2 protein chains.
Amino acid sequence: MASNNPTQQEAITTADKIFQKMQIAIVEGDIPSGSKISEPELAKQFQISRSTLREALNRLEKCHLIERKANVGSRVIECTVKGLLDIYVVREALEGMACRQAALNMTDEEIVDMKSMLAQHATSKDLQDGVSYYQEQGDLDFHYRVILGSHNQELINILCGQLYHLVRMYRCQFGMNSPRASKAFTEHSRIVEAIAERDGELAEILMRRHIAASRKNIENKIALKDSSSV
Amino acid sequence: MASNNPTQQEAITTADKIFQKMQIAIVEGDIPSGSKISEPELAKQFQISRSTLREALNRLEKCHLIERKANVGSRVIECTVKGLLDIYVVREALEGMACRQAALNMTDEEIVDMKSMLAQHATSKDLQDGVSYYQEQGDLDFHYRVILGSHNQELINILCGQLYHLVRMYRCQFGMNSPRASKAFTEHSRIVEAIAERDGELAEILMRRHIAASRKNIENKIALKDSSSV
DNA sequence: TAAGTTGTAATTGTCGACAATTATCGCTTG
DNA sequence: CAAGCGATAATTGTCGACAATTACAACTTA
């Protein structure tokens, strides 16, 4: 099973390995959102020195999974509703632009590959059942292709290197398995069509609407949850 | 003279100070673009240990001013034309969205403040002379206000914490003092009007055109330079 | 001569200890 | 009894040394 992060090169140093372990632990909530990180304790737990742990913490901070204050320490980022919505706003802007650039810059081969990926998704049992797979891995795969297709290193860094982890974290912790699977698949198809036609303007609009729809879906859910829990 | 980076809190640790010094040195080209960074050498030069220097390097990496490879070392990022244009594409997307959000989220007080800042720019001697100030500090001030006005922490982090430094680096190293000062000022004024009218859609469009105009201006310059130098 | 190899030198990664700062708990005092 | 203060404990920041990896150079060999 290949790594699902296209920007992540094979880890060599132990700090890299610790970073990956902690990343998963934070994303999946094993290290709770908002909790303080004790350097001595974690170092002992992982059987490494504090220097190595701090190196790993620096990388976690780079993808905004933890926050550090001088002489105070590190905390896992807190998952808030506003934080989630803020991320979707950024995604709408950046992935919309990435989609426009993809329409301009993707090679014909890349487009063919993406089409075949989508075709495979269409026949996937999971999609037909309308359940988890497509919301999770399949959805991410599609968005990755578009982002990488932009051929804009800055876009790729920000989206795949930073926001990606946060998105996954929120998905895990807020338990988001929306009923948008089939709708999302249709939207993906339209987007690919626009890219294939090299229509950057339309591609951007469609991607923005696609992400905005997700955001609104979340907003509705939150509102519903609030009113029912009170 | 206050710090011009709104996200930058007062530095306390020595690693912070080294970070700031190196940041300036890189941005202004004293540490050349693309050059390799020797940890032992720099540590000796700054009279600090390698650990502290590495802490500073980690922060430089966070704002994409240097790149690190495991077991190989750090290099200052290379200034390329494509890199510059990539940044402008990201800015167009993100600052456009920031502007839309600013129109929705800025307080009335913030808007008043921004208007008065612009009024002050209008009477500034530098602007009337059509020279450097407005392209540099004044322009940055305006864009900062808009970004902060979005009240979106993720947007603020990415734009002020990361892209900002790169933008300044390119401005220094490519020596960009374009003749767009008065035009830019007019565009800024229109943007503020749209924000004041709470017209998010228009605000975004205007900001995107404003940044796209800068990008095209650069593209023209580059093309000109290429054809003249060959 | 050019390519491959091996051994040495230099650089990076990791470690444990010390210094500086912060948090905590108990005490004093109004 | 509450609020402020002070000493102690714990945590973070910094340091220098060692281990592991990489880069370089001289040498061998086809």
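In what follows, chains are A, B, ... by sequence order, proteins preceding strands, each numbered from 1. Quick caveat: nothing in here was measured; it's all calculated off a predicted structure.
- Judged as a ring-ring contact (aromatic ring centres under 6.0 Å, His included), and not counting sequence neighbours, Phe46(A) has no contacts.
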(request) Would you mind building the protein contact string for nucleotides 9-16 of chain C? One character per nucleotide, 5' to 3', B for base within reach (heavy atoms under 4.0 Å), S for sugar-phosphate only, - for untouched. (result) ---BBBBB
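- Annotation: side chain to side chain contact (heavy atoms under 4.5 Å, CB included) contacts of Glu110(A) (sequence neighbours excluded): Met106(A), Thr107(A), His151(A).
- Under the salt bridge (Lys or Arg N to Asp or Glu O under 4.0 Å) criterion, the residue pairs touching residues 29-48 of chain B are Glu39(B)-Arg50(B), Glu39(B)-Arg54(B), with sequence neighbours excluded.
- Applying the salt bridge (Lys or Arg N to Asp or Glu O under 4.0 Å) criterion to Glu92(B), with sequence neighbours excluded, gives Arg208(B), Arg215(B).
- Applying the side-chain hydrogen bond (donor to acceptor under 3.5 Å, both in side chains) criterion to Ser214(A), with sequence neighbours excluded, gives Arg180(A).
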